[in-house]
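Here is the structure we will look at.
Below, chain A is the first sequence line, B the second, and so on; all start at residue 1.
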2 protein chains.
Amino acid sequence: MGAEGHADGTVGKALDVLDMVASHGRPVRFSDLLAQSDYPKATLYRLLQTLTHQGMLALDPDQGTYALGVRLVRLAHAAWAQSSLAPIARPYLDELAAKTGETIHLAQMDLGQVLYVDKRNAARPVEMFAQAGKVGPAYCTGVGKAMLAWATPEALEQALARQSFYRHTDHTLDTPEKLLAELQAIRARGHAFDREEHERGIICCAVPILTRSGRVLGALSVTSTTARTTLAALEDQAGLTKDIAARIAAEAESWRFPEQN
Amino acid sequence: MGAEGHADGTVGKALDVLDMVASHGRPVRFSDLLAQSDYPKATLYRLLQTLTHQGMLALDPDQGTYALGVRLVRLAHAAWAQSSLAPIARPYLDELAAKTGETIHLAQMDLGQVLYVDKRNAARPVEMFAQAGKVGPAYCTGVGKAMLAWATPEALEQALARQSFYRHTDHTLDTPEKLLAELQAIRARGHAFDREEHERGIICCAVPILTRSGRVLGALSVTSTTARTTLAALEDQAGLTKDIAARIAAEAESWRFPEQN
DNA sequence: CCGTTTGGTTCCATTATTTGAAACTTAGTC
DNA sequence: GACTAAGTTTCAAATAATGGAACCAAACGG
């Protein structure tokens, strides 16, 4: 994973190591990390030691393996409650889920990837990969495209560079050109579709969550299956979804910056 | 919160800043952080910049406020799935909750504090970070005492130094001496009680989760209220709880280190 | 039983990064 | 249009990170 760009300073390297540990699904030995990284032995060793001492990693003394530490969980609890839209959006998601009866996703953008921060399952739950905290691709999901469509040129460029354009299904937009054309259509239309571009049989209609100043905060989607409904039927809900998105945005702005106005 | 002890190196300071941002429940301005920290202006500024650049913090360009970044949520997802006992323990917690009908807590130790990593409420279903990720004191909770009772001497010493011994209720063990005596009794007995030591009316019976080598992985508790039941009744469940704890430990060992033996 | 490999830890002189007082630039006030 | 508060940049000195190499310990092999 030398894909890390410019690791600024020691902090960047330390976080890089953190990601490295996270990328394995299980505790890793020192030598595994050493093989994977470009850092010299002593450097990596001290980074691990520091992170462990700080509680960001946990060293299993029996096996000599490193795992992500509990301090991270604690920080994340705060991050989820504070930085994400999830706590603000919760009642609105409930409302949208109740009114549509479909699966709802709330997502935010994280370095070119879609991060699902909350979710409501339909009464008959649609089995999907997405769960709170999980990440997914931006170029082939409704929420991803909705956010890209309203992203700043710089953010869009950065995000594009990070897309794999892997062809998940026949419908996947598998080149930057196709995606850019689609983004324009989405802007014109006001909402994005997922036409089975990521998973066969899964469709959705997604809208961006925008501040008054036009900045993208996240996206909201109503998801279903081709077996249950059609894109046209989902599009009928677009108005309602946009309304909910607007209310989330309004509350986010007033809640996070209550002193303004 | 200058309570941070020895911040080793730049990484320590950066994480310290991260905690500082987390401690406010909402986005903070640079000057707020400056006032709170001992770091000089330029130092703090660059730390914030680095963390922001790394995605650990998010700078709201409109308001100039810092919030915890989404990268943390992503890392946490991995941490929760990997470092904590929660995913392994899930079915066992379900079983224990079903058999006892009481509230169940799964906790781990984090630098002298109890970190709740999963929970079953008597009725409601669970969500991810929503419930997990909270912290509590070690010296006056069942799970905390259960873990301390089997902690290594070094870990115990470190943990003791971090306890506040604040007298939450009449029953709180408010000195290290009382606590140490209690820990001995707990070791002898095999399980810990919370006799309304943290909250009036709340009682529980907790057991440690131990590896074969005797290392503490976490603790498990069955919690109720004095209105609903008694300590003696809870103690009747201790056998079942210990059994569940043993099964969690066994699975944790075989799952996390499948190559051994 | 001893030589060897493997995996992990420590040393230390060199190097590069961090530091922080102060100067500077905005943006907002009166 | 001076005055203030909030944020950003500079630069020499101080400090911390670096990494090659040496070291240690435990497991391995003959």
Under the side-chain hydrogen bond (donor to acceptor under 3.5 Å, both in side chains) criterion, do B:Tyr116 and B:Gln108 qualify, and how do the steps go? CA-CA 6 Å; B:Tyr116 295 96; B:Gln108 294 182 249; over 6 Å; no
In whole angstroms, the gap separating C1' of D:dT8 from CG of B:Leu59 amounts to 13 Å
Passes side chain to side chain contact (heavy atoms under 4.5 Å, CB included), A:Lys119 versus A:Leu106? Steps please. CA-CA 6 Å; A:Lys119 168 175 187 171; A:Leu106 176 67; over 6 Å; no
Terminal axes of the helix from C:dC1-D:dG30 to C:dC30-D:dG1 (5 end pairs apiece), angle rounded to 10 degrees, sit apart by 30°
How close or far is atom P of D:dA5 from atom CG of B:Asp32, stated in whole angstroms? 15 Å
Between OH of B:Tyr66 and P of D:dA6 the distance, given in whole Å, is 15 Å
For a 4.5 angstrom cut-off between non-hydrogen side-chain atoms, does A:Leu160 reach A:Leu180? yes
Test side chain to side chain contact (heavy atoms under 4.5 Å, CB included) on B:Met109 and B:Leu115 and set out the steps. CA-CA 6 Å; B:Met109 201 60 114; B:Leu115 177 81; over 6 Å; no
Each nucleotide of nucleotides 16-23 of chain C classed B (base within 4.0 Å of a protein heavy atom), S (only sugar-phosphate) or -, in 5' to 3' order, makes --SBBB--
Quickly work out the B:Phe30 CZ to C:dT25 C1' distance and round it to whole Å. 14 Å
Would you confirm whether the ring centroid of A:Phe165 sits within less than 6.0 angstrom of the ring centroid of A:Tyr139? yes
Let me know the distance between CG of B:Leu44 and P of D:dG7, rounded to the nearest Å. 11 Å
Side chains of B:Arg71 and B:Gln54: donor-acceptor distance under 3.5 Å anywhere? yes
A:Leu34 has an atom CG; how far is it from atom P of C:dG7, in whole Å? 10 Å
Is the shortest side-chain N/O distance from B:Tyr45 to OP1 or OP2 of D:dT9 below 4.0 Å? yes
Can you tell if the side chain of A:Asp118 reaches within under 4.5 Å of the side chain of A:Leu93, non-hydrogen atoms only? yes
I need the B:Leu179 CG to B:Thr175 OG1 distance, nearest 0.5 Å. 8.0 Å
Let me know the distance between CG of A:Asp38 and C1' of D:dT18, rounded to the nearest Å. 15 Å
Could you tell me whether the side chains of A:Tyr39 and A:Asp16 share a donor-acceptor contact shorter than 3.5 Å? yes
Grab the CD-C1' distance between A:Gln49 and C:dT10 for me, whole Å please. 10 Å
